[in-house]
Protein chains: 4
Amino acid sequence: MSPLNGDQLQIIRDERKEQIMIAALQIFARRGYIGTKLSMIATKAGISQGLLYHYFKSKDELFILLIQQAIQESIDGMKSVYQLPGSPIEKLRALTRLDNEGQLYFMLIHHARTSDGIPEEAKQLIEQYSMDSYVVDILEPLFIEGQKANEFTQGDPRQLISTYFTVVSALMTLNIHEDEAYQMPEVNLLLRIVTGRP
Amino acid sequence: MSPLNGDQLQIIRDERKEQIMIAALQIFARRGYIGTKLSMIATKAGISQGLLYHYFKSKDELFILLIQQAIQESIDGMKSVYQLPGSPIEKLRALTRLDNEGQLYFMLIHHARTSDGIPEEAKQLIEQYSMDSYVVDILEPLFIEGQKANEFTQGDPRQLISTYFTVVSALMTLNIHEDEAYQMPEVNLLLRIVTGRP
Amino acid sequence: MSPLNGDQLQIIRDERKEQIMIAALQIFARRGYIGTKLSMIATKAGISQGLLYHYFKSKDELFILLIQQAIQESIDGMKSVYQLPGSPIEKLRALTRLDNEGQLYFMLIHHARTSDGIPEEAKQLIEQYSMDSYVVDILEPLFIEGQKANEFTQGDPRQLISTYFTVVSALMTLNIHEDEAYQMPEVNLLLRIVTGRP
Amino acid sequence: MSPLNGDQLQIIRDERKEQIMIAALQIFARRGYIGTKLSMIATKAGISQGLLYHYFKSKDELFILLIQQAIQESIDGMKSVYQLPGSPIEKLRALTRLDNEGQLYFMLIHHARTSDGIPEEAKQLIEQYSMDSYVVDILEPLFIEGQKANEFTQGDPRQLISTYFTVVSALMTLNIHEDEAYQMPEVNLLLRIVTGRP
DNA sequence: TATGAATGAGTGTTCATTCAT
DNA sequence: CATGAATGAACACTCATTCAT
């Protein structure tokens with residue numbers, strides 16, 4: 001009945017898949033794996049629950065794909081820091097102000113790392129993507145440059161990255177909830193960890 | 001004539017109750033409210049599931065009691081900072097190194113604050129225990145003293161406390177998982193937020 | 001393109017809902033609220049237990065809907081007495097011979113009135129539907145007419161209605177069980193309460 | 001340790017057993033078999049739940065014993081009608097005004113007869129105690145005498161008894177609930193069934 | 001492809017019954 | 001005898017997943 005050719009169909013399929021994943025990301029990131037019901041995702045994506053299973057084999061698969069995407073986006077984001085303008089400290093400040101989708105990816109990873117009860121494969125993906133092998137590697141040149149320029153405090157740059165990244169990562173989770181009580185700290189206060197200056 | 005002395009019975013009851021709450025704390029803190037099944041708590045406490053209901057009316061009640069305890073312990077912990085020896089900075093450093101149970105309480109509160117699906121009463125308890133009214137109030141004298149002694153950076157002490165506490169609080173969650181990847185930062189690095197010095 | 005026409009779907013839904021309610025009525029009426037397990041209803045309706053929850057939010061809701069229906073049917077039945085042929089005494093005789101479904105509704109109400117452990121809302125519905133405000137009001141003209149025609153005994157018609165209705169109502173409960181021991185009385189014997197004649 | 005001899009112990013035992021049965025009767029009669037929890041009986045009897053099992057093997061046994069007692073008391077009550085003073089109609093009027101405990105027994109039997117889910121043995125006891133073989137047999141001489149004295153309406157006395165007894169029995173259930181809506185009918189109105197006179 | 005009805009395994013909770021003291 | 005802690009087999013209800021249409 002449909003005159004659409006194979007390619008067009010594939011494109012529609014991919015768009016629909018992307019649309020579902022965006023909806024899923026928002027809910028998984030805020031509610032965690034167990035707290036997320038497929039009905040929520042379906043409703044947010046504007047489709048029926050059954051249709052989810054035409055695109056994803058299971059809740060697990062959908063979650064794992066999101067984790068993979070989150071890891072990839074996160075790595076890409078880190079790498080793009082070098083394209084940002086300004087001095088090392090300015091680059092880092094800009095990196096710290098992630099856009100909303102970036103924050104969701106952070107939260108998703110943070111959640112997957114700190115919760116029990118998530119799919120085993122997701123756990124393993126997260127483990128592989130350890131800070132040492134990715135984030136720290138990527139940011140090391142920036143920090144070394146910053147230290148040379150005397151913008152950053154001295155000491156092991158890898159440990160500095162690790163600490164800073166951990167703090168920022170943990171704070172994302174709070175920020176996304178717009179929780180008045182946990183006031184999102186001033187970026188400048190956080191940067192003190194790296195700069196060692198008021 | 002009575003099979004067991006009333007006092008003895010009460011003591012046994014209290015011990016058993018405490019034993020269940022300790023088990024529950026460990027699981028709730030790590031897995032969150034929804035992710036925690038009563039069967040897990042029962043198994044961890046070494047009792048049957050049904051017995052839980054001799055001691056607690058419901059999962060909600062158990063959770064709420066834990067939240068109350070967590071808040072109380074947290075407040076007490078904060079207040080005890082003034083009994084610690086040393087200068088303001090040394091007091092704060094010691095406070096930051098909480099014992100394991102303290103960390104679990106932190107995680108529990110952190111979790112309750114950042115998750116959906118929590119019992120309404122628990123939510124409200126957490127709200128009442130906002131940083132402004134408790135933590136910040138309690139720590140304000142310490143920070144002002146630190147600023148006078150020029151150990152702490154200048155600026156609004158309340159904002160400083162809020163930021164530092166938020167960061168430490170968020171990091172507790174990671175530390176408890178003994179997650180090698182998220183390396184628990186050096187306390188000294190964190191203190192830079194407060195001291196403004198390397 | 002849509003798999004099923006919206007109207008068709010709604011019809012199927014309504015039929016299925018009706019089918020469940022009929023099954024539920026039979027079991028609730030005989031076994032009472034507490035004595036009725038959802039598995040019984042599901043089995044009788046030929047569906048799975050989980051499916052019940054696509055049509056009714058809870059056991060309570062299902063029960064309350066049945067009570068509402070029972071009250072409505074009961075009122076409608078009373079009102080229809082005036083469409084029946086014959087003299088007042090003949091009309092009343094016909095009304096006393098209710099069909100099977102009518103009897104189930106009577107039993108349901110009877111049960112809800114005389115049992116503990118019923119949902120609060122159901123209790124309230126029953127209270128509102130007190131004899132005074134509905135049944136007695138509706139039947140009063142019939143009884144007054146019967147008294148004028150000298151077919152009914154003299155005295156307060158409202159009290160007469162109340163008594164007669166209470167007796168018939170209580171007897172329904174027995175009849176439904178096809179209990180040989182409690183033989184359903186001859187209608188004529190019961191009518192003596194109203195007529196005051198052999 | 002106890003200096004009590006065997007007989008005294010047995011007496012105490014029997015008293016305690018009776019005390020439990022009285023408590024059980026009140027609750028079973030009002031709430032039915034399923035609706036009655038052993039904890040309710042224990043509380044009402046002022047003993048612990050466990051102690052129930054020193055006197056009764058199970059909930060079923062307790063219920064069955066009560067049914068047996070109810071049947072026996074009911075038969076004895078019927079028989080005692082002949083000791084009452086007055087004419088047949090006055091005797092019947094007095095019988096209809098049962099004391100509270102008698103009403104509870106009626107309700108218990110009524111409940112057991114009209115509910116599903118009660119122990120099989122209780123069901124069988126009730127069946128054996130059919131009206132034909134007991135109640136009707138016992139009351140038949142009274143009714144025949146009443147008919148001879150022209151106090152009662154003519155016709156099959158056994159059917160008359162059956163009807164009257166059924167109506168009274170069903171009404172007990174309502175009366176015990178002190179339900180304003182179901183107004184307990186005037187005894188005189190009920191007696192019309194038997195007398196055929198206003 | 002798309003729907004939503006349908007299923008069943010699993011959760012929180014209750015309660016008759018048993019048991020150590 | 002007497003207690004109340006302890007158990008486990010239900011029960012009401014939820015939700016990921018399947019399936020007929």
Side-chain angles (χ1 to χ4, degrees), chain A residues 1-2 4 9 12-13 16 34 36-42 46-60 62, chain B residues 1-6 8-10 12-13 16-17 34-42 46-62, chain C residues 1-6 8-10 12-13 16-17 34-42 46-62, chain D residues 1-2 4 9 12-13 16 34 36-42 47-62:
Chain A
M1 181 159 318
S2 173
L4 291 174
L9 276 174
I12 291 175
R13 221 188 129 78
R16 176 61 58 97
I34 304 181
T36 296
K37 301 168 196 173
L38 288 191
S39 59
M40 296 171 177
I41 296 174
I47 60 169
S48 74
Q49 239 182 104
L51 190 55
L52 276 177
Y53 286 83
H54 282 256
Y55 296 95
F56 305 95
K57 277 216 300 284
S58 67
K59 185 183 181 182
D60 279 27
L62 173 53
Chain B
M1 179 95 31
S2 186
L4 265 183
N5 179 304
Q8 289 174 308
L9 215 50
Q10 193 54 44
I12 290 175
R13 257 192 92 83
R16 179 56 59 102
K17 206 165 173 176
I34 306 181
T36 296
K37 331 234 172 272
L38 289 188
S39 59
M40 295 170 180
I41 297 174
I47 61 170
S48 74
Q49 224 170 312
L51 189 56
L52 277 177
Y53 287 84
H54 278 251
Y55 295 94
F56 304 95
K57 276 213 298 285
S58 65
K59 185 183 180 181
D60 278 29
E61 186 191 88
L62 174 52
Chain C
M1 182 91 31
S2 186
L4 265 184
N5 180 303
Q8 289 175 308
L9 217 49
Q10 191 55 42
I12 291 175
R13 255 192 94 84
R16 179 55 60 101
K17 206 165 173 176
I34 306 181
T36 297
K37 328 228 174 278
L38 288 190
S39 59
M40 296 171 179
I41 297 175
I47 59 168
S48 74
Q49 225 169 312
L51 189 55
L52 277 177
Y53 288 85
H54 278 251
Y55 295 95
F56 304 95
K57 277 214 295 284
S58 66
K59 185 183 180 181
D60 278 28
E61 186 193 86
L62 174 52
Chain D
M1 180 153 326
S2 173
L4 290 175
L9 275 176
I12 291 175
R13 218 188 133 76
R16 175 61 59 97
I34 305 182
T36 297
K37 299 170 198 173
L38 288 190
S39 60
M40 296 172 177
I41 297 174
I47 61 169
S48 73
Q49 225 172 310
L51 191 54
L52 276 178
Y53 286 83
H54 282 255
Y55 296 95
F56 305 95
K57 275 216 299 283
S58 66
K59 185 183 180 182
D60 278 27
E61 189 192 84
L62 174 54

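Each chain gets a letter, A, B and so on, in the order its sequence line appears, and its residues count up from 1. Side chains included, hydrogens not; waters and symmetry mates left out as well; all remaining heavy atoms used.
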Distance test, side-chain N/O of His54(B) to OP1/OP2 of dA6(F), below 4.0 Å: no

Among dT13(E), dT3(F), dA6(F), the nucleotide that comes nearest once only the side chain of Ser48(D) is considered: dT3(F)

Axial bend angle, the helix from dA2(E)-dT21(F) to dT21(E)-dA2(F): five-pair end segments, nearest 10°: 10°

Rounded interatomic separation in angstrom, taking CD1 from Ile12(B) and C1' from dC19(E): 14 Å

Side chain of Gln49(A) - closest among dA2(F), dA16(F), dT7(F): dA16(F)

Rounded interatomic separation in angstrom, taking CD from Gln10(C) and P from dG4(E): 11 Å

Separation of Ile34(A) CD1 from Lys37(A) NZ (nearest 0.5 Å): 12.5 Å

Atom-to-atom span, CD of Glu61(D) to P of dA16(E) - whole angstrom: 16 Å

Gln49(B) to Ser39(B) - nearest heavy-atom pair and separation: OE1-CB, 3.8 Å

Sequence-distant partners of Arg16(D), side-chain hydrogen bond (donor to acceptor under 3.5 Å, both in side chains), two or more places apart: Gln19(D)

Rounded distance (Å) that lies between atom P of dT14(F) and atom CG of Leu51(C): 14 Å

Nearest heavy atoms of Lys17(B) and Phe56(B), plus distance in Å: CG-CZ, 3.4 Å

Touch class at under 4.0 angstrom, heavy-atom based, for Leu52(B) against every strand present: nothing

Closest nucleotide among dA16(F), dT3(F), dA16(E) to the Leu38(A) side chain: dA16(F)

Touch class at under 4.0 angstrom, heavy-atom based, for Tyr55(B) against every strand present: sugar-phosphate

Lys59(D) NZ - dC15(E) C1' separation (whole Å): 8 Å

Closest non-hydrogen atom pair between Leu52(C) and Leu38(C), with its separation: CD1-O, 3.7 Å

Short side-chain N/O contact to dT14(E) OP1/OP2 from Tyr53(B), under 4.0 Å: no

Asp60(A) CG - dC15(F) P separation (whole Å): 17 Å

Which residue lies more 5' along DNA chain F, comparing Gly50(C) with Lys57(A) via nearest heavy atoms: Gly50(C)

N/O (side chain, Arg13(D)) to phosphate O (OP1/OP2, dC1(F)) under 4.0 Å: yes

Side chain to side chain contact (heavy atoms under 4.5 Å, CB included) partners for Ser48(C), two or more places apart: Leu51(C)

Gap between atoms NZ and C1', on Lys17(C) and dA5(E) respectively (whole Å): 14 Å

Straight-line distance of Glu61(C) CD to Tyr53(C) OH, nearest 0.5 Å: 10.5 Å

Which atom of Arg13(A) lies closest to which atom of His54(A), heavy atoms considered: NH2-O, 2.8 Å

Below 4.0 Å: OP1/OP2 of dT1(E) and any side-chain N or O of Arg16(A): no

Met40(A) CE - dA16(F) C1' separation (whole Å): 13 Å

